[in-house]
Amino acid sequence: MARIVMLIHEEAGQFGASFPDFPGATTVASDLDALYRKAGEMIAFHVGGMIEDGAAVPVVRSLDAWRCDATFREDAAGAVIGLIEIELPGKAVRVNISLEETLLKRIDRAAEAVGESRSGFLAQAAKARLAAA
């Protein structure tokens, strides 16, 4: 799990979040609970896109490290500092698994129907199952 520093600003009843480790990544919501939910999803999506694009994912810095940064202190003026813990997506690795033949055919048909690769389909299915656990 990574602990991501988030700067929260409020304006006209709307809450906005930015993330010093991920410049340009922002999200907004009408309340703090929704902001935290959206923030975790947005960061995971943002990092996933960086990985797909072959961009280097920055090393996440601690709040103590950020407090030593003059630009951060300036950006944090008037903000609430929040922390979100999320599991950042990582680099894809090849695995070899065995499945029953008809199950594999069903997976391939289902993946094709939604425009995904077999690997992408299986990864999403595993994530859904893990989230439900």
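Residue Leu35 is not grouped with residue Val5 when hydrophobic side chains (ILVMFWY) are merged at heavy-atom distances under 4.5 angstrom, including chains of intermediate members. Residue Ile8 is not grouped with residue Leu83 when hydrophobic side chains (ILVMFWY) are merged at heavy-atom distances under 4.5 angstrom, including chains of intermediate members. Taking hydrophobic clusters as Ile, Leu, Val, Met, Phe, Trp and Tyr residues chained together by side-chain heavy-atom distances below 4.5 Å, Leu122 shares a cluster with Val114. Under a hydrophobic clustering in which Ile, Leu, Val, Met, Phe, Trp and Tyr are joined whenever their side-chain heavy atoms come within less than 4.5 Å, directly or via other members, Ile81 and Ile43 fall into different clusters. By the rule that hydrophobic residues join a cluster once side-chain heavy atoms approach within less than 4.5 Å of another member, Val95 and Leu103 end up as members of one cluster.
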Pair Ser30-Gln14, side-chain contact (heavy atoms from CB on, under 4.5 Å): steps then yes or no: CA-CA 5 Å; Ser30 58; Gln14 289 286 98; 3.4 Å; yes
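For the atom pair Ile84 CD1 and Met1 CE, the distance stands at 10.0 Å (nearest 0.5 Å). For the atom pair CE of Met42 and CE of Met6, the computed distance is 9.0 Å after rounding to the nearest 0.5 Å. In this structure, the separation between CD1 on Ile107 and OG on Ser119 is 10.5 Å, given to the nearest 0.5 Å. Atom NZ of residue Lys105 and atom CG of residue Leu99 lie 13.0 Å apart, to the nearest 0.5 angstrom.
Side-chain atoms of Arg73 come within 3.5 Å of backbone atoms of Arg67 as a donor-acceptor pair (strictly under, hydrogens ignored). The backbone N or O of Ala29 lies less than 3.5 Å from no partner atom in the side chain of Lys38, so there is not a single donor-acceptor pair. Remark: the backbone N or O of Ala55 is not paired with any side-chain donor or acceptor of Asp53 at under 3.5 angstrom.
The side-chain heavy atoms of Phe15 and Val80, taken from C-beta on, include no pair separated by under 4.5 Å. Between Leu7 and Asp75, the closest side-chain pair of non-hydrogen atoms falls below 4.5 Å. Looking only at side-chain heavy atoms (C-beta outward), Val60 and Phe22 come within less than 4.5 Å of each other. A 4.5 Å side-chain heavy-atom check between Asp69 and Arg61 finds at least one atom pair inside the cut-off.
Shown here is Glu112, whose CD atom has no more than 12 heavy atoms of other residues, nucleotides or ligands within 6.0 Å. Within 6.0 Å of the CD atom in Glu101, the count of heavy atoms belonging to other residues, nucleotides or ligands does not exceed 12. Under a cut-off of 6.0 angstrom, the local environment of CD in Glu11 is sparse, with at most 12 non-hydrogen atoms contributed by other residues, nucleotides or ligands.
For the pair Asp108 and Arg118, the salt-bridge criterion is met [side-chain N within less than 4.0 Å of a carboxylate O].
Between Phe19 and Thr26, the shortest heavy-atom distance links the atoms CE1-CA, 4.3 Å.
By the 30° and 60° cut-offs, the orientation of the rings of Trp66 relative to Phe72 is tilted.
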